[in-house]
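A quick note: this is a predicted structure, and the numbers were derived from the prediction, not measured.
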Amino acid sequence: LPLSAAANLHPGAEQKVVFITARVHPGETPSSFVCQGIIDFLVSHHPIAKVLRDHLVFKIAPMLNPDGVYLGNYRCSLMGFDLNRHWANPSPWAHPTLHGVKELIIDMYNNPKINLEFYIDIHAHSTMMNGFMYGNIFEDEERFQRQAVFPKLLCQNAEDFSYSSTSFNRDAVKAGTGRRFLGGLLNDTSYCYTLEVSFYSYILGGTASAVPYTEEAYMKLGRNVARTFLDYYRLNSLVEGPLAPTPKTR
């Protein structure tokens, strides 16, 4: 249970839910450190974390492919499936973690007391630099513009996040991914993203030198992802006292 008695957990309260998943591809280890940074920040005593716990419900599945991780696979599950291509119709026996998470998301979507507002799936990228996002393309221009708000805010908070590398697409090869499938399932107040981070380095704006990523730098990106929800929901005025520095974790 979160450290504060959050108003959003009271019986009958309407809940705004942020759903985060990671490590669907076992070899993409940086995604676990980013997710760890998000979790460590959200359960900390930082005043921003307290405000976020009071106003949002975070559901986090930090490892969607535990069998593949245990076996040392790079991309596939125990049975040889790329789980991030089976969101449309996951099998309870062949893709059990995916099936369970999808059922939970659909149950929340059908609950009138829950607004599932964000889905973020965390990955690592083997050729691109920095952190960046993939989003969806919609015919509704206003919805498409609203979808760009969160990555723009994250770019302001995280020096290693690149909005210029962020892209919005609907290519056929990605149709079975969580971001694409849930983007088509959920309503127009929900935003679905793939958060990518480089295996290698990030380049700071205005420079040409690459800064190698460390475990701490990945976790810092996770903390900045969490902080960005404060800006997105404009909760800054509710933070008590001067902002303490974001805690270093692990």
Side-chain angles (χ1 to χ4, degrees), residues 18-46 48-49 52 56 58-66 68-70 72-75 83-84 97 101 118-135 150-167 177-179 192-205 207-232 243-250:
V18 175
F19 207 108
I20 297 171
T21 57
R23 209 71 185 274
V24 71
H25 291 145
E28 296 176 11
T29 50
S31 69
S32 283
F33 293 110
V34 175
C35 192
Q36 185 72 49
I38 293 173
I39 294 170
D40 287 348
F41 181 75
L42 289 175
V43 300
S44 74
H45 292 283
H46 195 284
I48 290 178
L52 292 176
L56 302 168
F58 290 88
K59 301 283 188 180
I60 301 176
M63 189 173 286
L64 281 181
N65 196 341
V69 169
Y70 176 78
N73 293 350
Y74 180 71
R75 197 170 181 86
L83 296 182
N84 205 35
T97 54
V101 168
F118 281 90
Y119 172 76
I120 300 176
D121 189 28
I122 309 173
H123 289 249
H125 205 284
S126 59
T127 58
M128 299 279 284
M129 304 281 254
N130 293 66
F132 59 95
M133 279 179 153
Y134 292 123
F150 188 86
K152 285 181 177 178
L153 291 173
L154 179 55
C155 189
Q156 294 174 11
N157 287 334
E159 63 181 6
D160 58 318
F161 184 85
S162 170
Y163 184 76
S164 62
S165 295
T166 293
S167 64
T177 64
R179 182 256 308 180
C192 301
Y193 305 95
T194 300
L195 173 62
E196 296 273 5
V197 64
S198 173
F199 272 105
Y200 173 51
S201 295
Y202 59 95
I203 297 177
L204 296 177
T207 72
S209 58
V211 181
Y213 267 112
T214 62
E215 293 177 9
E216 169 58 29
Y218 287 131
M219 289 190 282
K220 183 179 179 181
L221 176 60
R223 296 195 295 268
N224 284 326
V225 169
R227 292 178 73 118
T228 300
F229 288 104
L230 187 86
D231 300 325
Y232 182 85
L243 290 184
T246 305
K248 291 197 174 221
T249 51
R250 293 184 60 188

Compare all side-chain heavy atoms of His125 with those of Phe132 and state whether any distance is below 4.5 angstrom. yes
Report the C-alpha separation of Ser165 and Asn130 in whole Å, then their side-chain angles, then the decisive distance to 0.1 Å, and conclude whether the side chain to side chain contact (heavy atoms under 4.5 Å, CB included) test is met. CA-CA 8 Å; Ser165 295; Asn130 293 66; 5.6 Å; no
Roughly how far, to the nearest 0.5 Å, is CG of Leu153 from CZ of Arg227? 13.0 Å
Considering all heavy atoms of both residues, which atom of Leu221 and which atom of Val197 are nearest to each other, and what is their separation? CD2-CG2, 3.8 Å
Looking only at heavy atoms, the pair that brings Tyr213 and Ser198 closest together is CD1-O, 3.6 Å
Taking all atoms of both residues into account, what is the closest heavy-atom pair of Ser32 and Arg23, and its distance? OG-NH1, 2.9 Å
4.5 Å side-chain heavy-atom contact, Asp121 and Asn84: yes
Test of understanding: with side chain to side chain contact (heavy atoms under 4.5 Å, CB included), list the residues that count as partners of Ala61, not counting sequence neighbours. Thr21, Leu64, Val101
OH of Tyr163: more than 12 outside heavy atoms within 6.0 angstrom? yes
Shortest non-hydrogen contact from Phe199 to Pro30? CE2-CD, 3.6 Å
Evaluate the side-chain proximity of Tyr218 to Gln36: yes if any heavy-atom separation is below 4.5 Å, no if none is. no
Contact between His46 and Arg223 at the side-chain level, heavy atoms closer than 4.5 Å - yes or no? no
So do the side chains of Met133 and Arg179 get within less than 4.5 Å of each other, counting heavy atoms only? no
Before giving the answer on side chain to side chain contact (heavy atoms under 4.5 Å, CB included), spell out for Ile122 and Ile38 the whole-Å C-alpha distance, their side-chain angles and the decisive distance to 0.1 Å. CA-CA 11 Å; Ile122 309 173; Ile38 293 173; 3.9 Å; yes
Check whether any side-chain heavy atom of Thr97 lies under 4.5 Å from a side-chain heavy atom of Leu83, and answer yes or no. yes
Closest contact, heavy atoms only, Pro26 versus Val24: CD-O, 3.6 Å
Counting distance only, does the side-chain N/O of Asn224 pair as donor-acceptor with the main-chain N or O of Leu154 below 3.5 Å? no
Is the ring pair Phe229/Phe58 parallel, tilted or perpendicular, if the boundaries are 30 and 60 degrees? perpendicular
Should Ser167 and Tyr134 count as side-chain neighbours, where that means a heavy-atom distance under 4.5 Å? yes
Is the ring pair Tyr232/Phe118 parallel, tilted or perpendicular, if the boundaries are 30 and 60 degrees? perpendicular
Met219 and Phe33: which non-hydrogen atoms are nearest, and at how many Å? CG-O, 3.0 Å
CZ (Arg75) and NE2 (His25) are apart, to the nearest 0.5 Å, by 3.5 Å
Quick one: are Thr166 and Phe161 in side-chain contact, heavy atoms under 4.5 Å? yes
